[in-house]
Amino acid sequence: ANDNGSADGAGETQSEGDVGSGNPGGAMEDEASESEAEAELPGVAFDGEVFSRPVDCYSDAPWPEPTEAWAVSLLRPVIQAVFPAEEDQKLAYYLMLPRTVASAGASMVRLLGCDKFGEEDATWKEVVLLKGGPDLEADTQGGGGVVHVFNLVSHGRRVWRTQVYSSKSAVSLASLEPMLGDRKAMPEVVASQAGNFKELRASEGSLVVT
């Protein structure tokens, strides 16, 4: 994505050393209380912001910040569809909002998380939530909008966004494989999804010789 949040598949974001200068908080605790789930973490610096407020994607509780309520309502059903709790496939890491609460009228909200933190194939993920508008008809869940997911990939001492998932493939400019699965009925919120939210970064060299 480019820096304004549009989904064009890949885009440059920042220097390598600035990504992940903090602890993402490790794995989600299944039995975490509501207050624990919403407590602020130490924070991870990325792209000029510090991400430190974890979202409990399996809670039904209203989000306490009114300007972000639409974003959390959009995110939760997508996460629950891709990482179903009843099938023991719950999301195993925190997705964190920026420390600064979104402004009134914000149409884009970003979250940051790290899959398999501390392991060789650890993958930083940026989740971009775009509010519903003329090109994004309302869903039966989530109040409209789209969820785009980007892996943050290091190359040539820079970090690039590579889109790996969209909850609505029609509004993504990336070429993503349809998610067919076992062809069971999917929730409406992800009926036109594409890509693979769970995709990890490939192990490859990032040195560029010029």
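- Note that the CZ atom of F117 and the OG1 atom of T123 stand 12.5 Å from one another [nearest 0.5 Å].
- Hydrophobic clustering (ILVMFWY, side-chain heavy atoms < 4.5 Å, transitive): Y93 and L97 are in one cluster.
- Side-chain contact check for K125 versus N151: some heavy-atom pair is nearer than 4.5 Å.
- Considering all non-hydrogen atoms of both residues, V190 and A81 come closest at CG2-CB, 3.7 Å.
- No side-chain heavy atom of V153 sits under 4.5 Å from any side-chain heavy atom of V159.
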Does V82 form a side chain to side chain contact (heavy atoms under 4.5 Å, CB included) with Q193? I'd like the steps, not just the answer. CA-CA 10 Å; V82 178; Q193 67 182 346; 3.9 Å; yes
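- In terms of heavy atoms, I79 sits closest to C57 at CG2-CB, 3.6 Å.
- Atoms CG and CZ, on L152 and F150 in that order, are 9.5 Å from each other to the nearest 0.5 Å.
- Here the side chains of E68 and R53 are in contact, with some heavy-atom distance below 4.5 Å.
- Residues R201 and S154 form no side-chain contact, since every pair of their non-hydrogen atoms from C-beta on lies 4.5 Å or further apart.
- Looking at heavy atoms from C-beta onward, E126 lies in side-chain contact with R161 at the 4.5 angstrom threshold.
- The CG atom of L129 sits 5.5 Å away from the CG atom of L74 when rounded to the nearest 0.5 Å.
- Following chains of ILVMFWY side-chain contacts shorter than 4.5 Å, one can reach Y165 starting from L91, so the two form part of one hydrophobic cluster.
- In this structure, K90 satisfies the cation-pi test against Y58, with its NZ or CZ atom closer than 6.0 Å to the six-membered ring centre and inside 45 degrees of the ring normal.
- Within the 4.5 Å cutoff, no side-chain heavy atoms of L112 are placed close to those of Y94.
- Atom OG of S167 sits about 10.0 Å away from atom CZ of F197, to the nearest 0.5 Å.
- Heavy atoms only, all atoms of each residue included: S166 and V146 are closest at OG-CG2, 3.8 Å.
- Residues V164 and N196 fail the side-chain proximity criterion, which asks for heavy atoms closer than 4.5 Å.
- No path of Ile, Leu, Val, Met, Phe, Trp and Tyr side chains, each step under 4.5 Å between heavy atoms, connects V127 with V50, placing them in separate hydrophobic clusters.
- Minimum interatomic distance between V109 and A102 (heavy atoms only, all atoms of both residues): CG2-CB, 4.2 Å.
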Audit row: S172, Q163, side-chain hydrogen bond (donor to acceptor under 3.5 Å, both in side chains) steps and yes/no: CA-CA 9 Å; S172 171; Q163 188 170 9; 3.0 Å; yes
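- In this structure, the side chains of E49 and R110 come closer than 4.5 Å at one or more pairs of heavy atoms.
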Tell me, with the steps shown, if L75 and W63 meet side chain to side chain contact (heavy atoms under 4.5 Å, CB included). CA-CA 12 Å; L75 176 69; W63 189 248; over 6 Å; no
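- The two residues P42 and R99 come nearest to each other via the heavy atoms O-NH2, 3.1 Å.
- With sequence neighbours excluded, no residue forms a side-chain hydrogen bond (donor to acceptor under 3.5 Å, both in side chains) with D115.
- Residues meeting the salt bridge (Lys or Arg N to Asp or Glu O under 4.0 Å) test with E65, sequence neighbours left out: none.
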Give the C-alpha distance, both sets of side-chain angles, the deciding distance and a yes or no for side chain to side chain contact (heavy atoms under 4.5 Å, CB included) between V55 and M96. CA-CA 6 Å; V55 176; M96 298 175 290; over 6 Å; no
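- For the pair K198 and F83, the cation-pi test (distance below 6.0 Å, angle within 45°) is passed.
- V101 and V72 fall into different hydrophobic clusters, where Ile, Leu, Val, Met, Phe, Trp and Tyr are joined by side-chain heavy atoms under 4.5 Å apart, directly or via other members.
- Aromatic ring orientation, F51 versus F46: tilted (interplanar angle from 30° to 60°).
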